[in-house]
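What follows is a short report on a single structure.
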Number of protein chains: 2
Amino acid sequence: MGTGRIRIKDIAREAGVSTATVSRVLNNSNKVTHLTRKKVWEAIEKLGYAPNHVARSLRVKRVYSIGLIVPHDIDYLFSFPYFNLFMHHLAMEAKERGYHIIFTTSDGDESVRLHREFAMRKMVDGLVILDVSDNDPRIDVLDEIGFPFVVIGRPEHNRRYLWVDTENEKGAYRAVEYLVQLGHKRIHFVNGPTDLAVSRQRFEGYLKALHRFGLDYDPSLVHNGEFTEKSGYDVTKKILASNKVEAIFYASDTMAIGGMRALKEKGFNPGKDVSVIGFDDIPSASVVNPPLTTVAQPISHVGSWAAKLLINRIEGKEVSSKSLPVKLKVRGSTIGGV
Amino acid sequence: MGTGRIRIKDIAREAGVSTATVSRVLNNSNKVTHLTRKKVWEAIEKLGYAPNHVARSLRVKRVYSIGLIVPHDIDYLFSFPYFNLFMHHLAMEAKERGYHIIFTTSDGDESVRLHREFAMRKMVDGLVILDVSDNDPRIDVLDEIGFPFVVIGRPEHNRRYLWVDTENEKGAYRAVEYLVQLGHKRIHFVNGPTDLAVSRQRFEGYLKALHRFGLDYDPSLVHNGEFTEKSGYDVTKKILASNKVEAIFYASDTMAIGGMRALKEKGFNPGKDVSVIGFDDIPSASVVNPPLTTVAQPISHVGSWAAKLLINRIEGKEVSSKSLPVKLKVRGSTIGGV
DNA sequence: TGGTGTAATGTAATCGATTACATAAGATGA
DNA sequence: TCATCTTATGTAATCGATTACATTACACCA
């Protein structure tokens with residue numbers, strides 16, 4: 001029957017104790033008699049009290065929430081695979097530790113200002129940084145303030161901060177390795193934007209695999225686009241205009257799906273006369289035709305590890321960055337696949 | 001160079017005014033001289049100050065955030081179409097008004113407790129209720145406390161609360177109407193769970209269209225499942241075991257995608273010898289083969305209207321619930337489609 | 001010149017919890 | 001029995017802003 005207008009003072013009066021004691025009961029301080037504890041809980045039940053979170057936060061200087069500021073351009077939204085899966089696992093792990101997520105969107109320009117504001121106004125205890133690029137100004141800002149954050153991805157090797165990443169290099173390596181095993185020799189690579197670390201890491205894996213299996217690196221086989229369906233389509237059209245193709249490795253599933261559309265339009269039959277591999281394993285990957293062979297990212301683990309590490313840092317515990325394993329899923333889009 | 005340890009007091013001292021005046025400048029009170037305003041802003045810039053959001057919230061009794069508590073079972077996650085699109089537009093509209101989203105997950109059992117807690121502890125100013133069912137206890141709880149909320153969907157006609165909904169009935173009507181126009185007479189309907197209002201409303205539209213076009217209602221053509229790919233697959237298998245099929249209307253795209261898989265396994269060719277229509281227009285709908293004809297929901301508008309209405313209610317403005325229009329998108333899964 | 005009204009600013013209470021410090025009540029031992 | 005120590009509880013300061021109310025300064029007019 002609580003209307004929410006009950007304060008700790010009311011509970012103290014009702015139970016015949018001081019507010020300090022009520023607070024101690026609420027926070028499980030051990031220095032309270034069993035009897036008083038009982039009286040206090042009875043009063044709480046009777047009046048329907050729940051402590052005001054804001055007042056508590058002000059005093060303890062912690063809001064028990066972590067911030068997630070997501071660029072709201074639509075491309076990004078659908079290109080970051082499983083975005084809500086990531087977010088759910090972030091939130092679940094956070095809740096486990098008594099935190100929740102504060103979510104907002106930003107367009108590119110205001111993103112830095114928004115991160116700074118979240119930190120300076122103490123709206124959250126820590127921030128998750130998505131979609132990081134080289135020399136990301138958000139990182140400088142947070143570093144300068146000394147505010148806790150964790151980066152999804154790993155932009156530069158010489159920077160020291162907390163990150164959670166997937167094995168991008170190894171994933172690309174595995175994809176190329178598999179294509180080589182199928183007998184392919186000319187392996188096209190449709191990569192993401194060059195200024196993203198992910199792209200560089202996947203390119204590195206591509207290169208290493210070529211080298212390992214004695215294939216020459218041919219720059220004309222490597223193309224950079226955006227992580228979108230349209231870009232995959234466009235780049236593939238361009239490839240088809242001037243090249244023979246036997247195998248294409250796309251740095252994202254959305255690109256690969258666009259690419260398959262272009263291939264089919266030109267009369268190709270992925271999985272029969274051309275091999276296509278994607279990266280991510282988004283939900284659509286298994287429902288397109290043919291089902292897409294891809295390098296699966298452990299997105300849910302990325303989410304929970306991000307929460308775990310960030311909260312550890314917030315609470316002053318020992319932390320170290322984490323790289324999570326990827327896995328090749330063979331489906332129908334590669335020759336001889338399922 | 002702000003370390004975030006600057007308080008309003010420091011600004012007051014630096015600018016040679018009182019904290020009250022600083023506060024007035026920050027909140028754009030008109031009763032401040034141009035000169036003092038300038039002095040205060042200079043001090044703010046110089047010391048790198050940003051007001052503490054928690055302290056402000058405590059005083060003004062508003063946290064400028066709205067809560068979104070999402071069930072974390074994976075089925076729901078992928079069956080609610082465009083979940084992140086909804087969420088982004090919710091967040092964008094909210095930000096426009098100076099609010100952000102507090103996001104957390106719950107499993108079924110704790111959901112009611114969590115909603116109550118968010119309200120009672122004043123962790124948010126209002127709540128968005130997703131995935132509502134008949135006699136939803138969350139609604140009773142919030143009503144009793146007198147806490148602002150907006151429901152996505154419209155469970156019962158005799159209840160009075162704020163909701164945002166799409167034209168489910170009209171959408172189903174349009175789907176059936178289109179199938180009839182294609183010449184179909186036996187129209188299967190694979191609906192969602194019977195206890196959801198959405199299901200009832202779509203069923204109502206199905207019935208009305210049948211009636212309007214002089215077709216008899218045959219209960220054996222109507223089936224209830226879950227809004228998942230697997231359920232769509234299973235139900236379709238069952239249908240195929242005992243029925244001839246010419247047209248199937250699925251109450252969700254994920255179901256329709258599962259259904260098409262079952263149809264193809266049995267040698268059917270959607271778009272050629274059988275018509276399939278979905279509902280939602282999720283991203284996958286346009287990439288499956290054949291592309292899915294479907295009733296598109298204006299999810300982004302649902303998000304922004306939810307924010308708009310809820311914030312209006314929070315701020316004591318006039319509000320009324322909103323029903324948003326759907327639209328049939330003809331693609332390749334219906335005979336004669338694109 | 002003095003009274004009155006208005007605009008700008010200051011003082012201090014307030015929001016609702018937590019917690020440092022003070023105190024009271026028992027327990028213990030000589 | 002009394003000094004001492006321990007444990008439970010209370011008192012009041014505190015977190016960092018906003019704002020009701022008080023005050024000052026000045027303009028205006030009779």
Side-chain angles (χ1 to χ4, degrees), chain A residues 2-41 43-44 47-65 98 117 119-125, chain B residues 2-41 43-44 47-65 98 117 119-125:
Chain A
T3 55
R5 327 202 95 270
I6 314 290
R7 289 139 307 167
I8 197 170
K9 213 187 262 193
D10 303 308
I11 301 301
R13 192 181 307 115
E14 175 75 25
V17 298
S18 71
T19 60
T21 298
V22 176
S23 178
R24 281 189 273 257
V25 170
L26 287 168
N27 294 285
N28 296 310
S29 161
N30 50 349
K31 314 205 153 201
V32 184
T33 300
H34 182 72
L35 181 68
T36 9
R37 193 178 296 272
K38 186 158 166 280
K39 281 192 302 184
V40 170
W41 274 116
I44 289 172
L47 301 187
Y49 168 77
N52 182 304
H53 183 249
V54 177
R56 167 163 222 275
S57 295
L58 178 60
R59 182 62 226 235
V60 303
K61 292 174 177 301
R62 187 162 294 172
V63 291
Y64 292 96
S65 61
E117 201 173 296
M120 298 262 302
R121 307 186 75 150
K122 297 270 167 62
M123 302 181 75
V124 294
D125 302 313
Chain B
T3 55
R5 329 203 93 270
I6 314 291
R7 289 138 307 165
I8 197 170
K9 212 187 265 191
D10 303 309
I11 301 301
R13 190 180 308 116
E14 176 75 25
V17 298
S18 71
T19 61
T21 297
V22 176
S23 178
R24 282 190 272 256
V25 169
L26 287 168
N27 294 284
N28 295 310
S29 162
N30 49 349
K31 316 205 152 202
V32 183
T33 299
H34 181 72
L35 181 67
T36 10
R37 194 179 295 275
K38 187 159 166 282
K39 281 191 301 184
V40 169
W41 274 117
I44 289 172
L47 301 186
Y49 167 75
N52 181 304
H53 183 251
V54 177
R56 167 163 222 274
S57 295
L58 177 61
R59 181 61 225 238
V60 304
K61 290 175 179 299
R62 187 162 294 171
V63 290
Y64 291 95
S65 62
E117 201 174 297
M120 298 263 304
R121 306 187 76 150
K122 298 271 170 59
M123 301 180 76
V124 293
D125 302 313

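Lettering of chains follows the sequences in order, A, B, ..., and the numbering in each one begins at 1. Note that the structure is a prediction, hence the values are computed from the model and not measured.
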Query raised in the report: Closer to the 5' end of DNA chain C via nearest nucleotide, is it A/Leu58 or B/Ser18?
Result: B/Ser18

Query - Residue mapping more 5' on DNA chain C - nearest nucleotide basis, B/Gly16 or A/Arg56 - result: B/Gly16

Between atom [atom1] in [X] and atom [atom2] in [N], what is the gap in whole Å?
X       : N      : atom1 : atom2 : answer
A/Asn52 : C/dA17 : CG    : P     : 5 Å
A/Ile6  : C/dA17 : CD1   : P     : 10 Å
A/His53 : C/dT18 : NE2   : P     : 11 Å
A/Arg24 : D/dT7  : CZ    : C1'   : 11 Å
B/Leu26 : D/dT19 : CG    : C1'   : 14 Å
B/Lys9  : D/dT18 : NZ    : P     : 15 Å
A/Lys38 : D/dA8  : NZ    : P     : 18 Å
B/Ile8  : D/dA17 : CD1   : P     : 6 Å

Query raised in the report: Does the pair B/Lys39 and B/Thr36 meet the rule for a side-chain contact (heavy atoms from CB on, under 4.5 Å), with working shown?
Result: CA-CA 5 Å; B/Lys39 281 191 301 184; B/Thr36 10; 3.9 Å; yes

The side chain of [X] is closest to which nucleotide in this list: [options]?
X       : options                : answer
A/Pro51 : D/dG16, C/dA17, D/dA20 : C/dA17
B/Val32 : D/dG16, C/dG10, C/dT9  : C/dT9
A/Thr19 : D/dT19, D/dT9, C/dT18  : C/dT18

Minimum heavy-atom distance [X]-[Y], with the two atoms named:
X       : Y        : value
B/Val63 : B/Ser57  : CA-OG, 3.7 Å
B/Leu47 : B/Ile6   : O-CG1, 3.6 Å
B/Ala15 : B/Ala43  : CB-CB, 3.9 Å
B/Ala50 : A/Arg121 : CB-CG, 3.8 Å

Using a cut-off of strictly less than 4.0 Å, decide whether [X] has a side-chain nitrogen or oxygen near OP1 or OP2 of [N].
X       : N      : answer
A/Ser57 : C/dA17 : no
A/Thr33 : D/dT9  : yes
B/Asn27 : D/dT18 : yes
A/Lys61 : D/dG16 : yes

Requested in this report: Return yes if the base of D/dG16 and the side-chain atoms of A/Arg121 contain a donor-acceptor N/O pair under 3.5 Å, otherwise no.
Outcome: no

Query raised in the report: Does A/Arg59 get its side chain close enough to the base of D/dT14, under 3.5 Å, for a donor-acceptor pair?
Result: yes

Report task. Give one of base, sugar-phosphate or nothing for A/Val17, where a contact means two heavy atoms less than 4.0 Å apart. Result -> sugar-phosphate

Query - Sugar-phosphate only, base, or nothing, as touched by A/Thr21 at under 4.0 Å among non-hydrogen atoms - result: sugar-phosphate

Query raised in the report: Hey, mind stepping through A/Arg37 and A/Val40 against side-chain contact (heavy atoms from CB on, under 4.5 Å) and telling me if it holds?
Result: CA-CA 5 Å; A/Arg37 193 178 296 272; A/Val40 170; 5.9 Å; no

